[in-house]
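One structure below.
Below, read A as the first sequence line, B as the second, and so on, with proteins coming before strands; counting in each chain starts at 1.
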Protein chains: 2
Amino acid sequence: MTKSRQLLETVEAALKSAGHPPLSWYDALLELEKVGEEGIRPFELRQRLLLPQYGTSRLLDRMVTAGLVNRRDCEEDGRGQIVFISERGLAIRKAMWPEYSKVLTDGIGDKLTRAEAVQLAMLLSKL
Amino acid sequence: MTKSRQLLETVEAALKSAGHPPLSWYDALLELEKVGEEGIRPFELRQRLLLPQYGTSRLLDRMVTAGLVNRRDCEEDGRGQIVFISERGLAIRKAMWPEYSKVLTDGIGDKLTRAEAVQLAMLLSKL
DNA sequence: GCAATATAGATGCATCTGTATCTACATTGG
DNA sequence: CCAATGTAGATACAGATGCATCTATATTGC
């Protein structure tokens with residue numbers, strides 16, 4: 001837990017100092033990129049990101065305000081909406097990757113052999 | 001990272017619903033318990049817990065307010081102080097353990113064999 | 001001895017999170 | 001059909017976090 005907290009803080013700091021949004025935005029943008037222009041319901045995004053409901057709501061709010069995500073009404077469900085990534089969102093997601101990747105490499109990649117990394121992933125997936 | 005976040009959230013929720021303080025208090029109390037009535041300087045505690053400086057300052061503030069920790073001036077360094085755990089702090093730390101332990105057992109202990117757990121600990125320590 | 005610099009710890013401000021609750025629409029059972 | 005209940009999403013309020021900076025004391029180099 002300590003390790004993952006440290007890693008997270010390092011990634012956040014690296015992203016921020018490069019002028020990028022926080023990590024949670026990256027995860028969300030990645031999911032939104034996967035579903036493409038068809039979009040996704042916020043409650044589905046919530047399930048994929050394992051975030052609390054209010055967290056998802058506010059995260060989307062901020063990303064919409066920043067112009068990285070667009071909303072439209074859901075036709076099948078009057079309570080719902082559909083969110084999808086914008087061009088700008090795609091660009092930002094891509095731009096964030098190098099920083100993210102670099103920290104992960106520095107923090108993990110260089111300290112484990114490939115076999116060890118595979119083993120670690122295997123053990124964690126059991127949890 | 002997702003796993004550790006989930007685990008943390010589960011532990012926090014369990015502690016809160018049992019009327020206990022958050023997990024960060026547990027970690028701090030445990031360190032304070034280790035050094036006993038001799039106490040410790042906040043900046044040393046900070047290093048052990050890997051917390052930011054302002055985080056340590058405010059965490060101690062809250063714990064002092066709650067009566068779990070006492071402060072006294074440091075004689076060797078006029079800028080400094082020494083903090084140490086109170087009787088109440090000891091009791092609370094002890095009372096928190098069952099909840100904490102239970103969640104860890106449910107979340108990890110039951111899903112890995114002993115050998116796997118050892119291996120996981122080994123790999124994580126390499127990081 | 002003292003000016004420059006470093007370190008311990010606190011804190012104002014903006015932002016973020018957690019909790020509880022609210023509104024609006026959907027579904028279900030009689 | 002409609003009352004009761006359920007679900008999607010937003011939000012007010014309180015508390016926590018991150019950042020930058022402040023005060024006070026300590027250390028260092030001249």
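Within a heavy-atom distance below 4.0 Å of DNA chain C, the residues of residues 48-55 of chain B found are Gln53(B), Tyr54(B).
Residue-to-nucleotide proximity on DNA chain D shows that, of Arg79(A) and Lys16(A), the 5′-proximal contact is made by Arg79(A). Between Arg41(B) and Ala13(B), the residue anchored closer to the 5' end of DNA chain C is Arg41(B), taking for each the nucleotide with the nearest heavy atom.
One can place CZ of Arg72(A) at 17 Å from C1' of dG9(D), the figure rounded to the nearest angstrom. Per the geometry, CG belonging to Leu15(A) stands 12 Å off P belonging to dC19(D), to the nearest Å. Nucleotide dT15(C) holds its P atom 16 Å from the CG atom of Leu59(A), rounded to whole Å. Nucleotide dA8(C) holds its C1' atom 12 Å from the CD atom of Gln47(B), rounded to whole Å. Look at CG on Leu23(A): it is 16 Å from C1' on dG18(D), rounded to the nearest Å. Atom CG in Asp73(B) sits roughly 15 Å away from atom P in dA24(D) (whole-Å rounding). Note: CZ (Arg62(A)) to P (dA10(D)) measures 12 Å, nearest angstrom. Between Asp77(B) atom CG and dG9(C) atom P there is a gap of 7 Å when expressed in whole angstrom units.
Remark: side-chain polar atoms of Glu12(A) are paired, donor with acceptor, to backbone N or O of Leu23(A) under 3.5 angstrom.
Residue Asp110(B) qualifies as enclosed at atom CG: its count of foreign heavy atoms under 6.0 Å is above 12.
A donor-acceptor contact under 3.5 angstrom links the side-chain atoms of Arg58(A) to the base of dG18(C). Side-chain N/O atoms of Arg46(A) and base N/O atoms of dG9(D) include no donor-acceptor pair closer than 3.5 Å.
Sorted by first and then second residue, the salt bridge (charged side-chain N to carboxylate O under 4.0 Å, His left out) pairs with a member in residues 113-127 of chain A read Glu116(A)-Lys126(B), Lys126(A)-Glu116(B); sequence neighbours excluded.
Between the CG atom of Leu50(B) and the CG atom of Asp27(B) there is a distance of 10.5 Å, given to the nearest 0.5 Å. Taking CG of Leu32(B) as the reference point, atom CG of Leu49(B) lies at 8.0 Å (rounded to 0.5 Å).
Between Val69(B) and the choices Met63(B), Arg88(B), Arg62(B), the side-chain contact (heavy atoms from CB on, under 4.5 Å) rule is met once, by Met63(B).
Lys102(B) has no carboxylate O lying under 4.0 Å from a charged side-chain N of Glu99(B), or vice versa, which leaves the two without a salt bridge.
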